[in-house]
Structures are given as structure tokens and as C-alpha cells.
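Just dropping this structure here.
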Amino acid sequence: MLRITRSVRRADLKAVGEVRRALRELMRHRCRTEATDVAELLITELVTNALVHTDRGAEVSASLTAARLRVEVRDHAARRPRPYVPTADDGTHGRGLVLVEALADEWGVDALALGGGKVVWFELDGRREAPYATGPA
């Protein structure tokens with residue numbers, strides 16, 4: 001298993017790009033380009049949400065096995081995020097969890113004990129080749 005971990009400070013939005021680049025490097029020779037692109041988008045959304053909607057920083061980890069990528073973003077806020085479909089007036093705001101819900105193979109939110117915050121996570125197929133044949137049946 002390959003793994004990366006990063007701490008990001010509150011309001012350090014530059015760290016989002018650093019986390020994204022570290023994930024890309026982790027996946028570079030082991031995963032399909034499409035999976036890497038999706039993972040980068042989703043980790044960007046989760047880390048940005050943690051930095052914008054909480055009072056403290058976040059801990060980010062990603063682990064990659066031969067078959068699965070799992071990304072976790074831990075923050076210190078107990079409030080559970082909810083996917084929400086923004087109105088046309090919202091511009092680009094509010095689409096993060098809707099994207100995670102639509103693009104991840106699995107995702108969820110786990111509360112941590114004693115008000116310790118939460119972990120928002122997603123998983124993607126991490127195989128280098130597509131798990132099924134494509135083309136005419």
C-alpha cells in the first residue's frame with residue numbers, strides 16, 4: 001500500500017494545490033488518467049470545503065492499493081456536510097459534495113469521538129486498467 005498524509009493550515013488555500021499535486025504523483029504510474037483526474041477534482045473539493053467551512057485546518061490522507069484509492073479529509077468541526085444543489089445565483093459555490101456524490105465509487109462522513117470532528121472520505125477504483133472490457137458487446 002502507498003500512502004500520503006498532509007496537514008493543511010486554516011485558510012491556507014495554496015495548500016489545496018500542493019495536496020492535489022501529491023495525490024497526482026501518488027497515482028501517476030499506478031492508475032488510469034481518468035481516475036487521477038477525478039481524484040484530483042474530488043480532493044480539491046473536500047480540502048477546500050474543510051478550509052472554508054471550519055475554524056481550523058485539516059488532515060488529509062490518501063492510500064492506494066492495487067485495486068482502490070481512499071482519500072480522507074479530517075477536520076475539527078462536528079457539523080456534517082450535506083450535498084446541496086445550488087441555484088443559478090450561487091455561481092460556482094456549493095457544488096463540491098454534489099461532485100463527490102456523483103463521481104466517487106463510494107463516499108461518506110464518519111463522526112469522530114468526543115467532538116473530535118469528522119472525516120469526509122471517498123473511494124475510487126485504483127486499477128491501472130479498466131475493471132471491465134469496453135467496446136461492442
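Throughout, numbering of the chain's residues begins at 1 and tracks the sequence.
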Let me know which of Val47, Asn49, Leu42 forms a side chain to side chain contact (heavy atoms under 4.5 Å, CB included) with Val73.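 The passing option is Val47.
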Answer with yes or no whether the hydrophobic clustering places Val109 together with Leu51; edges join I, L, V, M, F, W, Y residues whose side-chain heavy atoms lie under 4.5 Å apart.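 The answer is yes; both residues are in one hydrophobic cluster.
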Looking only at non-hydrogen atoms, find the nearest pair between His76 and Gly57 and report the distance.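 That closest heavy-atom pairing would be CD2-O, 3.6 Å.
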How close do Ala104 and Leu124 get, counting heavy atoms only, and between which atoms?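 Residues Ala104 and Leu124, closest heavy atoms: CA-CD2, 3.8 Å.
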For Lys118 and Ala77, indicate whether the former's side chain and the latter's backbone hold a donor-acceptor pair under 3.5 Å.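 Answer holds: yes.
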When you measure from the side chain of Arg32 to the backbone of Arg127, do you find a donor-acceptor pair of N or O atoms at a distance under 3.5 Å?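 Here the side-chain-to-backbone pair exists.
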Pairwise side-chain contact, Leu46 with Ile43, heavy-atom cut-off 4.5 Å (strictly under):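 No, their side chains stay 4.5 Å or more apart.
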What are the two closest non-hydrogen atoms of Asp125 and Asp105, and how far apart are they?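 For Asp125 and Asp105, the tightest heavy-atom pair comes out as N-OD2, 2.6 Å.
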Tell me whether Arg30 contacts the main-chain N or O of Leu2 through its side chain, where contact means a donor paired with an acceptor under 3.5 Å.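 No; zero donor-acceptor contacts below 3.5 Å.
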Please give me the minimum heavy-atom distance between Ala22 and Arg6, naming the atom from each residue.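 Shortest heavy-atom contact: CB-NH2, 3.4 Å.
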Residues two or more places apart in sequence or in another chain: which of them pass side chain to side chain donor-acceptor pair (under 3.5 Å) with Thr44?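 Applying side chain to side chain donor-acceptor pair (under 3.5 Å) to Thr44 gives Arg20.
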Not counting sequence neighbours, which residues clear side chain to side chain donor-acceptor pair (under 3.5 Å) with Arg24? List them please.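 Arg24: side chain to side chain donor-acceptor pair (under 3.5 Å) contacts with Glu40.
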Only one of Val98, Asp37, Leu41 forms a side chain to side chain contact (heavy atoms under 4.5 Å, CB included) with Leu103, so which one is it?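 Result: among Val98, Asp37, Leu41, Leu41 is the only option passing the side chain to side chain contact (heavy atoms under 4.5 Å, CB included) with Leu103.
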Would you tabulate the side-chain donor-acceptor contacts of residues 58-66 under 3.5 Å, counting partners in other chains and residues two or more places apart, or write 'none'?
{"unit_1": "Glu59", "atom_1": "OE1", "unit_2": "Ser7", "atom_2": "OG", "d": "2.6"}
{"unit_1": "Glu59", "atom_1": "OE2", "unit_2": "Ser7", "atom_2": "OG", "d": "3.0"}
{"unit_1": "Thr65", "atom_1": "OG1", "unit_2": "Ala67", "atom_2": "N", "d": "3.3"}
{"unit_1": "Thr65", "atom_1": "OG1", "unit_2": "Arg68", "atom_2": "N", "d": "3.1"}
{"unit_1": "Thr65", "atom_1": "OG1", "unit_2": "Arg68", "atom_2": "O", "d": "3.3"}

Any salt bridge linking Glu72 with Arg70? Criterion: basic side-chain nitrogen under 4.0 Å from a carboxylate oxygen.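 Result for this pair is yes, salt bridge flagged.
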If every non-hydrogen atom of Asp110 is compared with every non-hydrogen atom of Trp121, which pair is closest and at what distance?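 Minimum heavy-atom separation between Asp110 and Trp121: OD2-NE1, 3.3 Å.
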Membership question, hydrophobic clusters at under 4.5 Å side-chain separation (ILVMFWY): are Leu97 and Val119 in the same one?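 No; Leu97 is not reachable from Val119 via cluster members.
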For residues Ala39 and Phe122, report the shortest heavy-atom separation together with the two atoms involved.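 Here Ala39 and Phe122 meet closest at O-CZ, 3.9 Å.
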